[in-house]
Amino acid sequence: MKNASDTRNDPPALVRRPEGLTLEGGGLTLRADFEAMLPRLKRDRLNRELLVRAARIRQPLNGTPTAVDATAGLGEDALLLAAAGFAVRLFERDPVIAALLEDALERAARNPALSGAVARMTLTEGDSIPYLGQLTEAPDVVLLDPMFPERKKSGLVKKKFQLLHGLEAPAADEEALLMAARRARPQKIIIKRPLKGPYLAGVRPTSSLSGRAIRYDCLALPR
């Protein structure tokens, strides 16, 4: 990890800034920031989030609704689920992304507006596929967000994720990821996809919720 300095001409590196751990390289910066999501966590808006709607279940399996975010990234989707009342286990296999996420969780825990939701989030650095097959208790929801090619959005959004795409490639084995999620025996698997993208591993979902740029494919599993 470098001390704070100009990294414009350097390869991507983690830099400790006063505002938080930052990935910098090629004139671009990336930092996980849950405070920026506070407007989306207001109750009326949270209930309209596509992911929150997709994750609704009639009856939790063990009292408190639980979720596994198997491909956590920067943790924004997991935060939405936690704010909606889920206890969320997050897995991130890339150590750099995991470090950014861990730093964001630590900063958010000190913010009273975020601490309640963050207290329901537990991060594990590593591949979720082996873990999903070893659960002793089934979660209510498993969320899959395998990296997909950049969507046609604004240049600002593309720049924000250029560094992220440079670190972590799309899921190499979609079938293995989906099979692992099935082995966890959740009530529902939720898969985040580009709006017009193919189904994960070619499996048709039970239902889908679509927004302007993305959709959530839902697989309801028999109990």
Taking all non-hydrogen atoms of both residues into account, name the closest pair between [X] and [Y] and its distance.
| X | Y | answer |
| --- | --- | --- |
| Ala117 | Ala82 | O-CB, 3.4 Å |
| Ile191 | Ile189 | CG1-CG2, 4.0 Å |
| Leu14 | Ala99 | CD1-CB, 4.1 Å |
| Gly85 | Thr64 | O-CG2, 4.2 Å |
| Leu132 | Ala70 | CD1-CB, 4.1 Å |
| Ile97 | Gly73 | CG2-O, 3.4 Å |

Donor-acceptor contact below 3.5 Å, side chain [X] vs main chain [Y]:
| X | Y | answer |
| --- | --- | --- |
| Asp140 | Ile57 | no |
| Arg183 | Gln134 | no |
| Glu49 | Leu51 | no |
| Gln187 | Gln59 | yes |
| Asp217 | Ser208 | no |
| Arg45 | Leu41 | no |
| Arg215 | Arg193 | no |
| Arg89 | Asp69 | no |
| Glu174 | Leu200 | no |

Subject >> Salt bridge present between Arg16 and Asp103 (N-O < 4.0 angstrom) >> reply: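 A salt bridge is present here (some side-chain N lies under 4.0 Å from a carboxylate O).
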
Original post:
Any salt bridge between Arg17 and Glu24, counting N to O under 4.0 Å?
Top reply: yes

How long is the gap from [atom1] on [X] to [atom2] on [Y], to the nearest 0.5 Å?
| X | Y | atom1 | atom2 | answer |
| --- | --- | --- | --- | --- |
| Glu76 | Leu81 | CD | CG | 12.5 Å |
| Arg40 | Arg48 | CZ | CZ | 12.0 Å |
| Glu19 | Thr29 | CD | OG1 | 8.5 Å |
| Cys218 | Leu209 | SG | CG | 5.5 Å |
| Leu74 | Leu23 | CG | CG | 9.5 Å |
| Leu105 | Thr122 | CG | OG1 | 9.0 Å |

How about [X] and [Y]: does a side-chain donor come under 3.5 Å of a side-chain acceptor?
| X | Y | answer |
| --- | --- | --- |
| Arg31 | Thr22 | yes |
| Asp145 | Thr71 | no |
| Ser128 | Arg93 | no |

Original post:
Is Glu175 atom CD crowded by more than 12 heavy atoms from other residues, nucleotides or ligands, each under 6.0 Å away?
Top reply: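 Open: at most 12 neighbouring heavy atoms sit under 6.0 Å from CD of Glu175.
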
**OP:** Start with the C-alpha gap between Leu144 and Val142, add the side-chain angles, then the distance that decides, and say whether side chain to side chain contact (heavy atoms under 4.5 Å, CB included) holds.
**Re:** CA-CA 7 Å; Leu144 305 179; Val142 172; 3.9 Å; yes

Would you call [X] and [Y] a side-chain contact if the rule is heavy atoms closer than 4.5 Å?
| X | Y | answer |
| --- | --- | --- |
| Lys42 | Asn47 | no |
| Arg120 | Val118 | no |
| Leu90 | Leu101 | yes |
| Ile129 | Leu177 | yes |

Original post:
If you look only at pairs with a residue in residues 71-129, which of them pass as a ring pair (Phe, Tyr, Trp, His ring centres under 6.0 Å), with sequence neighbours excluded?
Top reply: Phe91-Tyr131

Subject >> Pairs meeting criterion ring pair (Phe, Tyr, Trp, His ring centres under 6.0 Å) with involvement of residues 28-71, two or more places apart >> reply: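 Counting only pairs at least two positions apart or across chains, no ring pair (Phe, Tyr, Trp, His ring centres under 6.0 Å) contact touches residues 28-71.
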
**OP:** List in chain and number order the residues that pass salt bridge (charged side-chain N to carboxylate O under 4.0 Å, His left out) with Asp77, two or more places apart in sequence or in another chain; answer none if no residue qualifies.
**Re:**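 Result, salt bridge (charged side-chain N to carboxylate O under 4.0 Å, His left out) vs Asp77: Lys192.
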
**OP:** Could you walk me through whether Ser115 and Arg110 pass the side-chain hydrogen bond (donor to acceptor under 3.5 Å, both in side chains) test, one step at a time?
**Re:** CA-CA 6 Å; Ser115 58; Arg110 299 192 291 269; over 6 Å; no

Under 4.5 Å between side-chain heavy atoms, hopping through other hydrophobics if needed: is there a path connecting [X] to [Y]?
| X | Y | result |
| --- | --- | --- |
| Ile214 | Met37 | yes |
| Leu178 | Tyr199 | no |
| Val203 | Leu221 | yes |
| Leu46 | Val88 | yes |
| Leu143 | Met179 | no |

**OP:** Check the pair Leu219, Arg182 against side chain to side chain contact (heavy atoms under 4.5 Å, CB included), reporting the backbone distance first and the verdict last.
**Re:** CA-CA 9 Å; Leu219 295 175; Arg182 287 182 180 274; 4.2 Å; yes

